[in-house]
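Written below as structure tokens is the structure these notes are about.
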Amino acid sequence: MTLDTTFSPADIEARWYKHWETSGGFRPERPDAEPFTIVNPPPNVTGSLHIGHALDNTLQDIVIRYERLRGKDALWVVGMDHAGIATQMVVERQLEERQDKRTNYTREQFIDKVWEWKAESGGQITHQLRRLGCSMDWSREQFTMDEHFTKAVLKTFVDLYNDGLIYRDKRLVNWDPKLKTAISDLEVEQQTIAGSFWHFKYPLGDGVTLADGRDYIEVATTRPETMLADMAVAVHPDDERYASVVGKHVVLPITGRRVPIVADEHADPELGSGAVKITPGHDFNDFEVGKRAGIAAGDMLNMLDGSGDVCQTADSLVPDEFIGLHRFKRDGVKGARELVVEQLKELGLLIPHIAKTKKGEEVEHDAEPRQIATPFGDRGGVVIEPWLTDQWYVNAAKLAEKPIKDVRDGTIEIVPKSWEKTFFNWMENIQPWCVSRQLWWGHRIPAWFDEAGNVFVAMNEEEAQSQAGDGVVLTRDEDVLDTWFSSALWPFATLGWPEDGQPLLEKHFPNNLLISGFDILFFWDARMMMMGQYNMGEAPWPRLYLHGLVRAADGSKMSKSKGNVVDPLGLIDQYGADALRFFMAAMESQGRDIKMDEKRVEGYRNFATKLWNATRFCQSNGIDASTTLKAPIARLAANQWIIGEVQQVCSELESAMADLRFDAAANAIYQFTWSKFCDWYLELIKPVLTPLPPAGGVGGGPEQSEDGGAAPTPNPSREREGDWTPQLETREVAGWALDQILVMLHPFMPFITEELWHAQATYRGGEKRQYDLITASWPNPRAEVSKEATDAIDWVIDLTTNVRSAKNELGIPPGAKLAAFLPEASDLAASTIERSSAAIERLARLTPVTLGEAPAGPAMQVSAMGDMFVIPLEGIIDIDAEKARLEKALASSEKEARSLEGRLGNANFVERAKPEAVEKAREDFAHHSGEVERLKAALERLG
RNA sequence: GGGCGUAUAGCUCAGUGGUAGAGCACUGUAUUGACAUUGCAGGGGUCGGAAGUUCAACUCUUCCUACGCCCACCA
């Protein structure tokens with residue numbers, strides 16, 4: 001196949017993805033191979049691909065493709081999460097757009113609508129993941145509401161219940177008044193907002209007074225509306241100001257209700273007046289104080305209405321004028337908060353806040369302005385109300401025990417390790433997990449109540465009925481489970497659990513690795529650890545890799561409201577999926593967020609183009625696909641050198657991948673491909689493939705050097721065996737090396753590498769590849785390469801670079817071909833000049849090179865690894881410039897040499913430093929002082 | 001209040017107990033056969049600050065400063 005001169009990602013991406021998917025490339029049959037398994041964090045069915053997904057999935061795909069190439073039975077489980085709240089919100093919003101609402105339907109009708117929505121517009125992200133090139137096993141795509149998944153969820157719930165690890169409890173929960181459901185601690189986000197701090201007088205009852213004669217207690221609050229449900233005033237037991245009134249009462253303003261004054265350590269004497277109002281039904285601290293004061297949860301006052309919304313309830317305790325009000329002002333309408341303040345002010349019970357203006361004048365305000373940390377629901381976005389309800393709780397502390405041990409003893413390795421502390425900190429202080437949600441969309445809790453309120457937990461109604469006994473009327477719990485309860489089962493429920501005889505489950509659980517963003521460490525990762533241990537008796541994976549966030553170019557968090565969101569699909573359109581993927585990999589260094597840098601994405605698009613053109617070059621020079629995995633036998637220095645370099649980069653890549661250093665892996669293959677293969681190797685073999693006509697009319701024949709150049713000295717001893725030719729060898733090695741690049745680069749840039757793989761035909765004449773790159777074999781380039789050969793190329797490279805640099809500094813045209821003399825040649829120099837004269841001519845542009853003294857006269861002097869060439873430049877060279885150049889180099893070498901000399905002269909260093917370090921210093925010193933001598937001689941030569 | 005992270009070239013980031021690298025940007029230069037989405041060459045950093053350990057610190061320790069994140073709390 002001939003490649004077009006331009007490379008357009010869009011065409012090849014769609015074509016190859018379809019081919020891989022339809023041909024089963026993502027999960028080749030490898031029954032005997034070692035399994036390698038990753039489960040993909042199931043995206044919400046409502047979701048679409050954002051830049052964070054692009055990072056997360058790129059990393060996983062790199063690992064999966066790498067392990068697949070290494071011959072493993074690589075399985076990447078994919079699917080979607082039903083995302084209870086998010087999905088219900090989407091569908092409800094759709095109804096609202098048609099002036100309709102959820103409650104116009106029965107629960108069953110509404111759930112049908114959600115399924116309809118899913119069928120029509122859910123799961124966009126699955127198509128977008130394909131555009132990124134992700135090689136998941138779509139043939140087994142999962143959904144957390146699939147029938148078998150539901151069974152796993154129910155079984156887990158029932159088992160936990162029977163083990164006493166799930167229980168029903170009445171306590172304060174984080175209530176989201178917008179979504180009208182309880183949510184877990186993790187779903188609450190603290191935000192600091194500007195608020196007010198009010199001070200009130202609570203009159204003491206029964207004519208009691210404080211020690212100082214006051215007939216009231218001062219309390220302060222940021223939530224005055226809750227005073228309607230106050231049940232006590234607490235003071236510190238040691239606070240002498242209030243000692244006389246503990247056990248007495250205050251009369252609550254507005255309602256006139258009498259509440260006790262209790263002693264409790266929660267009250268901080270240093271803070272405010274030292275007395276605090278206690279509202280057990282609407283504050284987590286107060287709840288605890290209330291319990292300590294002997295108030296049963298069932299007796300705690302609740303001032304909100306039955307829907308749990310912000311309205312006041314007619315609880316006979318709430319005055320009429322408050323009923324129907326929201327908690328706070330909404331849409332300009334006064335709320336309970338405002339009315340409480342207003343009434344207290346009218347009653348003269350508001351203690352004003354005295355503020356000083358800039359001019360020093362005192363001004364009275366109703367309240368003190370304050371920054372207040374306020375809980376918000378992460379989905380609904382409104383202020384959370386701590387609310388007293390009956391909910392289902394998981395004993396998370398118990399379930400956390402084994403995961404903590406797993407991480408502690410290394411059964412699970414968290415990468416990077418720095419996250420372990422955070423993990424332990426959370427797990428060791430974990431609170432009961434509220435798992436019930438007052439929603440319709442989700443896994444309905446398998447609990448049935450009889451009329452007396454007894455609960456029966458079972459897999460289905462029949463079982464519950466048999467527990468309850470015939471004739472007992474049962475009603476199923478209306479609530480559904482937290483979405484994370486089901487996704488916690490993902491590593492095994494997707495593989496067939498809890499059914500018996502599931503070969504996939506046996507082979508692929510535990511999984512091998514989990515990759516996730518650190519933002520879901522607690523939500524998902526930790527809960528998978530708990531459920532893995534609980535259901536399977538094992539950690540779900542031995543390794544957890546946590547990556548950071550992708551941030552906007554200025555370092556800020558991407559968010560829709562800020563309008564700084566970068567769309568990964570837009571980047572794919574513009575630069576290709578391969579470039580975006582490579583960017584993600586190259587920027588992914590452990591424990592750090594990634595800042596978006598579009599220039600860099602562009603750079604990796606350029607890298608793809610570079611590879612594309614290198615392949616075009618190979619094609620036009622008869623370089624075919626290789627037919628063996630093993631490195632070809634090579635005798636040419638350049639070929640041996642590139643084989644050695646392939647081995648080198650391959651081992652770098654493997655060790656980077658073993659450590660999950662995606663950046664190191666990407667950079668290794670990048671540098672090798674561009675800086676070694678393209679910049680040097682392809683240039684080194686050009687003279688072999690297309691020899692220049694020999695200079696001076698001397699014919700080729702036996703005088704030719706092995707790399708296609710004219711040898712400086714005839715070498716009649718060279719033998720030519722069989723049909724070996726330098727050209728054949730070079731084509732074979734180049735084709736092999738290119739193939740290795742394609743394989744090694746494939747996990748990072750799957751599309752272009754697959755395209756080029758197939759563009760490269762096997763054997764001259766165009767027989768097609770036997771198999772796709774996606775299922776090719778990882779390099780195993782164990783080959784002997786001689787140090788002499790690789791040194792020779794390193795020497796040529798050093799010479800070339802130094803000649804180019806010198807020419808550039810002296811203003812000599814880079815293309816100028818110059819004759820060179822080498823008065824004192826090292827063995828390496830002598831043999832290299834003989835073997836690789838063509839490379840020296842083409843790259844260093846030195847020809848002829850004469851071993852021996854140069855004629856007297858002006859010359860440029862250039863060294864290559866210690867061999868000092870003299871390049872006469874009569875009439876061209878500016879002697880002063882050359883002197884300056886050499887002097888600069890001399891100064892630099894002298895500085896190095898002096899520094900090393902100083903170190904070597906330090907007895908402490910020689911005695912106490914590692915012997916290798918001393919040896920290295922000696923070598924470096926010898927090198928630099930040698931260079932000093934040579935440069936001095938060179939300067940002397942110029943006079 | 002507790003914990004974590006970051007600070008290295010103009011920018012974005014690697015890095016190692018032995019004297020600092022990449023990409024981009026910048027400067028100069030090259031163009032008839034792989035590639036201008038390119039080649040070649042070059043300039044540019046007292047590695048946030050201070051002290052300590054060490055023969056040797058960008059690297060280890062402590063402290064400080066700045067920025068960021070997580071958890072808890074502020075009645």
Side-chain angles (χ1 to χ4, degrees), chain A residues 3 5-7 185-186 190 192 197 219-223 226 233-234 266-268 271-279 283-286 289 370-373 416 418-422 424-426 429 518-519 521-522 548-549 551 553 555-557 575 579 583 586-587 589 591-600 602-621 661 663-664 667 670-671 675 678-679 682-683 686 690 800-801 804-809 811 813-815 843 896 899-900 903 906-914 916-918 920-921 924:
Chain A
L3 292 169
T5 47
T6 52
F7 153 57
D185 298 350
L186 284 176
Q190 298 287 339
T192 303
F197 193 48
V219 295
T221 182
T222 57
R223 297 206 53 198
T226 63
V233 168
H266 169 66
D268 182 351
L271 226 55
S273 67
V276 53
K277 68 192 248 342
I278 298 299
T279 320
D283 182 281
F284 286 98
N285 283 315
D286 292 3
V289 176
R370 262 209 191 182
Q371 293 300 111
I372 300 167
S418 52
W419 281 102
E420 281 188 3
K421 248 188 177 163
T422 307
F424 289 132
N425 187 45
W426 188 72
N429 296 292
F518 62 71
D519 51 331
L521 172 60
F522 304 142
L549 249 54
R551 295 176 168 278
S556 64
K557 228 172 178 170
Y575 302 106
F583 166 78
M587 298 304 287
S589 58
R592 193 172 185 132
D593 288 345
I594 292 178
K595 256 184 233 180
M596 196 57 225
D597 182 355
E598 201 168 322
K599 291 293 286 179
R600 198 138 179 164
E602 185 185 345
Y604 293 125
R605 187 271 319 265
N606 296 352
F607 175 55
T609 307
K610 184 78 182 177
L611 178 67
W612 182 268
N613 283 304
T615 307
R616 288 181 59 221
F617 169 81
C618 289
Q619 290 193 339
S620 64
N621 283 280
R661 287 306 308 247
D663 56 341
N667 288 327
Y670 178 95
Q671 292 298 338
S675 308
C678 293
D679 288 350
L682 293 184
E683 296 304 324
K686 277 179 183 173
T690 53
T800 303
T801 305
R804 285 170 176 168
S805 175
K807 277 179 167 172
N808 204 288
E809 281 183 61
L843 302 182
E896 290 287 337
S899 155
L900 287 158
R903 205 189 308 170
N906 179 346
N908 274 328
F909 173 70
V910 179
E911 284 161 25
R912 308 176 74 155
K914 283 177 301 196
E916 310 92 84
V918 178
K920 170 99 174 18
D924 290 351

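None of the values given here were measured: they were computed from a predicted structure. Chain identifiers are assigned alphabetically (A, B, ...) following the order of the sequence lines, protein sequences preceding nucleic acid strands; residue numbering begins at 1 within each chain.
- The same atom, P, is picked in B:U19 and in B:G5; the two are 28 Å apart, to the nearest Å.
- Taking atom C1' in both B:A50 and B:C55, one finds a spacing of 23 Å when rounded to whole Å.
- Ion pairing between A:Asp663 and A:Arg661 holds under the 4.0 Å rule for side-chain N and carboxylate O.
- For B:C35 and B:C40, the P atoms lie 15 Å apart once the distance is rounded to whole Å.
- B:U16 and B:A25 have their P atoms separated by 28 Å, with the value rounded to a whole Å.
- Note: CZ (A:Phe7) to P (B:C35) measures 16 Å, nearest angstrom.
- In this structure, A:Glu896 reaches neither bases nor backbone, as no heavy-atom distance under 4.0 Å exists between it and the strands shown.
- The residue A:Thr279 sits apart from the nucleic acid: no heavy atom pair falls under 4.0 Å.
- When heavy atoms are screened at a 4.0 angstrom cut-off, A:Ala614 is found touching base atoms of the nucleic acid.
- Looking at heavy-atom distances under 4.0 Å, A:Ala664 makes no contact with the nucleic acid at all.
- Shown here for A:Asn667 and A:Tyr604, the closest heavy-atom pair between the two residues is OD1-OH, 4.4 Å.
- Closest heavy-atom contact between A:Lys610 and A:Cys678: CE-CB, 3.7 Å.
- A:Glu602 pairs in a side chain to side chain contact (heavy atoms under 4.5 Å, CB included) with only one of the listed residues (A:Arg600, A:Glu598, A:Lys599), which is A:Lys599.
- A heavy-atom distance below 4.5 Å is not found between the side chains of A:Lys686 and A:Leu843.
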Where do N or O atoms of nucleotides 2-5 of chain B meet protein N or O atoms at under 3.5 Å, pair by pair?
residue : atom : partner  : partner atom : Å
B:C4    : OP1  : A:Lys421 : NZ           : 2.7

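- Within 4.0 Å (heavy atoms only), A:Cys618 reaches no atom of the nucleic acid at all.
- With both ends at atom C1', the span from B:A9 to B:G23 equals 12 Å, rounded to whole Å.
- Applying the side chain to side chain contact (heavy atoms under 4.5 Å, CB included) criterion to A:Asp268, with sequence neighbours excluded, gives A:Glu270, A:Leu271.
- In this entry the distance linking CD of A:Gln190 with P of B:C69 reads 15 Å, nearest Å.
- Legend: residues meeting side chain to side chain contact (heavy atoms under 4.5 Å, CB included) with A:Phe909, ordered by chain and number and at least two apart, are A:Arg903, A:Leu904, A:Asn906, A:Ala913, A:Val918, A:Ala921.
- Note on A:Lys599: a side-chain N or O is less than 4.0 Å away from OP1 or OP2 of B:A25.
- Distances shorter than 4.0 Å separate some side-chain N or O of A:Lys686 from OP1 or OP2 on B:A34.
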Reading nucleotides 38-46 of chain B from 5' to 3' and marking B where a protein heavy atom lies under 4.0 Å of the base, S where only the sugar-phosphate is that close, and - otherwise, the string is SSSSS----

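- Side-chain contact between A:Leu186 and A:Trp426: present, with at least one pair of heavy atoms (C-beta onward) separated by less than 4.5 Å.
- The two residues A:Phe197 and A:Ala220 make their nearest non-hydrogen contact at CZ-CB, 3.4 Å.
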Note, RNA chain B 5' to 3' with Watson-Crick or G-U pairs under 3.5 Å encoded as ( ), [ ], | and . gives (((((((..((((....[..)))).(((((.......))))).....(((((..]....))))))))))))....

Write out a two-atom table: protein N or O, nucleotide N or O from nucleotides 52-61 of chain B, distance below 3.5 Å.
residue : atom : partner  : partner atom : Å
B:C55   : OP1  : A:Arg912 : NE           : 2.5
B:C55   : OP1  : A:Arg912 : NH1          : 2.5
B:C55   : OP1  : A:Arg912 : NH2          : 2.2
B:C55   : O2'  : A:Asn906 : ND2          : 3.1

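- Between A:Lys277 and A:Val219, the closest heavy-atom pair is N-CG1, 4.0 Å.
- When the P atom is compared between B:C73 and B:G2, the two are found 15 Å apart, to the nearest whole Å.
- Nucleic acid contact for A:Glu916: none, since no nucleic acid atom lies under 4.0 Å from a heavy atom of the residue.
- B:G48 and B:A7 are spaced 8 Å apart, taking the P atom of each and rounding to whole Å.
- Residues A:His266 and A:Asp286 meet the side-chain proximity criterion, which asks for heavy atoms closer than 4.5 Å.
- Counting any heavy atom pair closer than 4.0 Å across all strands shown, A:Tyr604 reaches no nucleic acid atom.
- Rounded to a whole angstrom, the distance from the C1' atom of B:A41 to that of B:C47 is 26 Å.
- Nearest heavy atoms, A:Gly548 versus A:Asp593: CA-OD1, 3.4 Å.
- Looking at A:Lys807, its side chain does come within 3.5 Å of a backbone N or O of A:Pro814 through a donor-acceptor pair.
- Between A:Asp519 atom CG and B:C71 atom P there is a gap of 11 Å when expressed in whole angstrom units.
- No option in A:Trp612, A:Phe607, A:Tyr575 other than A:Trp612 meets the ring pair (Phe, Tyr, Trp, His ring centres under 6.0 Å) test with A:Phe7.
- Of all the heavy atoms in A:Lys557 and A:Arg551, the pair that sits closest is N-NH1, 3.7 Å.
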